2 protein chains.
Amino acid sequence: MPPELNARQQEILDFLAQTIRERGFPPTFREIAEHCGFRSTQAVSRHLEALEKMGCIHRESGARSIRLASRLLEEPDSTEPVRMVPLVGEVAAGRPILAVEDIEDRLPVRQDWLPVHERSFFLRVRGDSMAEGIQAGDLVLVDPGVRVHRAEIVVAMIEDEATVKRFYPEADRVVLRSDNPTYADIVVSRDFRVVGRVSALIRKYR
Amino acid sequence: MPPELNARQQEILDFLAQTIRERGFPPTFREIAEHCGFRSTQAVSRHLEALEKMGCIHRESGARSIRLASRLLEEPDSTEPVRMVPLVGEVAAGRPILAVEDIEDRLPVRQDWLPVHERSFFLRVRGDSMAEGIQAGDLVLVDPGVRVHRAEIVVAMIEDEATVKRFYPEADRVVLRSDNPTYADIVVSRDFRVVGRVSALIRKYR
DNA sequence: TTGACAAGTGAACGGATGTTCACTAGAATT
DNA sequence: AATTCTAGTGAACATCCGTTCACTTGTCAA
């Protein structure tokens with residue numbers, strides 16, 4: 001919509017957005033000048049004038065009285081397709097998948113990140129078998145019933161025990177390898193099952 | 001959560017939130033005084049001082065340099081448990097934060113994972129300075145304007161370059177440390193800025 | 001070459017703005 | 001009754017900040 005934006009104008013617009021986002025209020029003329037390398041506030045004044053004429057900003061009188069046009073506002077009610085995916089248990093110790101009644105929680109995931117079948121779920125990771133890439137407490141998104149390729153990360157069931165490993169199929173057996181080199185490879189033939197592919201990971205700090 | 005708020009303090013806090021929401025920047029002392037019916041800016045000064053001590057606002061020097069802390073900037077219709085958080089750029093190389101027009105994408109995040117101020121955003125990580133825990137391509141959720149504690153992960157700006165590091169404050173300087181031991185510590189004094197705390201991480205496989 | 005124009009410099013100006021100091025009135029505390 | 005605390009007044013002040021004016025520089029078209 002805004003026909004042509006100068007490089008300088010774009011730079012100032014970026015700086016305005018950044019400052020407002022990080023500090024909570026707009027910068028002064030002199031702060032803008034310093035950012036752009038100007039030695040005069042007059043240059044800022046004229047650029048802001050141009051930006052206002054183009055409708056990118058709106059100004060009132062007084063210090064820092066700059067408001068960005070409506071594109072800045074984030075619409076939280078956008079109709080993005082999001083699905084709430086259940087967190088159903090833990091992996092790498094004990095029984096991995098609990099009954100549906102034991103859904104601990106639900107986390108939002110964009111629908112285009114999920115396969116169509118609606119059976120994905122989250123598991124909380126225990127242990128450090130995939131450290132440091134996957135850490136204890138991380139939540140892995142597991143897609144059951146999708147094709148797993150070589151070296152992808154899977155949740156595998158081995159004798160009633162579930163673990164997160166990389167998947168290396170061979171002629172008549174499968175090697176399950178940890179990213180953490182202190183864990184030895186696990187070679188399995190038929191006494192195991194791939195629960196699903198790990199397609200994403202969510203980590204919450206603190 | 002906030003211990004006890006005076007009626008006046010609540011009135012000022014409401015006025016701050018309303019002004020910021022409607023005008024895009026905070027009011028001046030005299031505007032606050034006029035709203036409250038004060039005839040002196042000194043009363044405003046002391047109330048703001050008290051509010052800052054209670055952690056409700058944060059102030060810098062200069063005109064209108066008031067930032068509301070966490071809880072108060074939310075719209076009254078925030079019953080949604082999920083908020084779409086914008087992905088606004090990359091970090092660890094070049095310019096870190098692009099204009100608001102350049103929102104690449106939006107990702108859903110549970111609202112109770114976010115501070116209430118609605119200014120959180122995602123950045124895509126480049127490089128391996130925090131490997132293996134944080135890998136290239138990961139999306140980090142950045143909360144600007146929250147207190148950062150020792151050893152937490154932050155996005156820091158050092159001379160127009162943004163990086164993800166662990167934050168170790170010392171007497172009159174700050175050590176920024178990579179998890180990846182092949183990167184040396186960066187010691188900075190004043191020529192840097194903490195953009196925000198990294199509070200979560202999302203990784204998409206394949 | 002000339003002229004127009006956009007972009008920036010440098011300095012000065014005046015008003016806006018946060019700060020400070022001395023003081024008052026009422027309420028709570030001792 | 002004396003003292004302290006809270007909340008606000010009023011004025012003075014230094015500085016921050018947007019505005020304005022005159023001038024310079026480089027580019028492009030006529």
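This is a predicted model, so every value here is computed, not measured. Proteins come first, then strands; the chains are lettered A, B, ... in the order of their sequence lines, and each starts at number 1.
In this structure, B/Arg177 is positioned above the aromatic face of B/Tyr168, its NZ or CZ under 6.0 Å from the six-membered ring centre and within 45° of the axis.
Taking every side-chain heavy atom of A/Ser40 into account, C/dT9 is the closest of D/dC17, C/dT9, D/dT19. Across C/dT9, D/dT9, D/dG18, the shortest atom-to-atom separation from the side chain of A/Thr28 is found for D/dG18. Residue B/Arg59 has its side chain nearest to C/dG18 when only C/dG10, C/dG18, D/dG8 are considered.
With rounding to whole Å, A/Leu48 atom CG is found 14 Å from C/dA7 atom C1'. For the pair A/Phe29 CZ and D/dT19 P, the computed distance is 5 Å after rounding to whole Å. Remark: C1' of D/dC17 and CZ of B/Phe25 are 14 Å apart, rounded to the nearest angstrom. Here the C1' atom of nucleotide D/dG8 and the CD atom of B/Glu11 are 14 Å apart, to the nearest Å. A straight line from CD1 of A/Ile57 to C1' of D/dG18 spans 13 Å, rounded to a whole angstrom. Counting to the nearest Å, the P atom of C/dA16 and the CD1 atom of B/Ile32 are 17 Å from each other. Rounded to whole Å, atom P of D/dT6 lies 16 Å from atom CZ of B/Phe38. Computed from coordinates, the A/Glu34 CD to D/dC16 C1' distance equals 15 Å when rounded to whole Å.
A/Arg39 has no side-chain polar atom (N or O) that falls below the 4.0 Å cut-off from OP1 or OP2 of C/dA11. Contact between the side-chain N/O atoms of A/Arg46 and the OP1/OP2 oxygens of C/dA7 is not found at any separation under 4.0 Å. Considering only side-chain N and O atoms, A/Arg8 lies under 4.0 angstrom from the phosphate OP1 or OP2 of C/dG8. OP1 and OP2 of C/dA16 both lie 4.0 Å or more from every side-chain N or O belonging to B/Arg30.
Nearer to the 5' terminus of DNA chain C, by closest-nucleotide assignment, is the contact made by A/Thr41 (compared with the other of B/Ser45 and A/Thr41). Along DNA chain C, the nucleotide nearest A/Gly37 and the nucleotide nearest B/Gln42 are compared for position; the residue whose nucleotide lies closer to the 5' end is A/Gly37. If you find the closest nucleotide of DNA chain D to B/Ala63 and to B/His47, the one lying nearer the 5' end belongs to B/His47.
Atom CZ of B/Arg147 has 12 or fewer neighbouring heavy atoms from other residues, nucleotides or ligands inside a 6.0 Å radius.
Note on A/Arg59 versus A/Glu49: no salt bridge recorded, every NZ/NE/NH1/NH2 to OD/OE distance being 4.0 Å or above. Ion pairing between a basic and an acidic side chain is recognised when a charged N comes within 4.0 Å of a carboxylate O; B/Asp105 and A/Arg110 show such pairing.
Judged by distance alone, the side chain of B/Arg203 and the main-chain N or O of A/Gly133 form a donor-acceptor pair under 3.5 Å.
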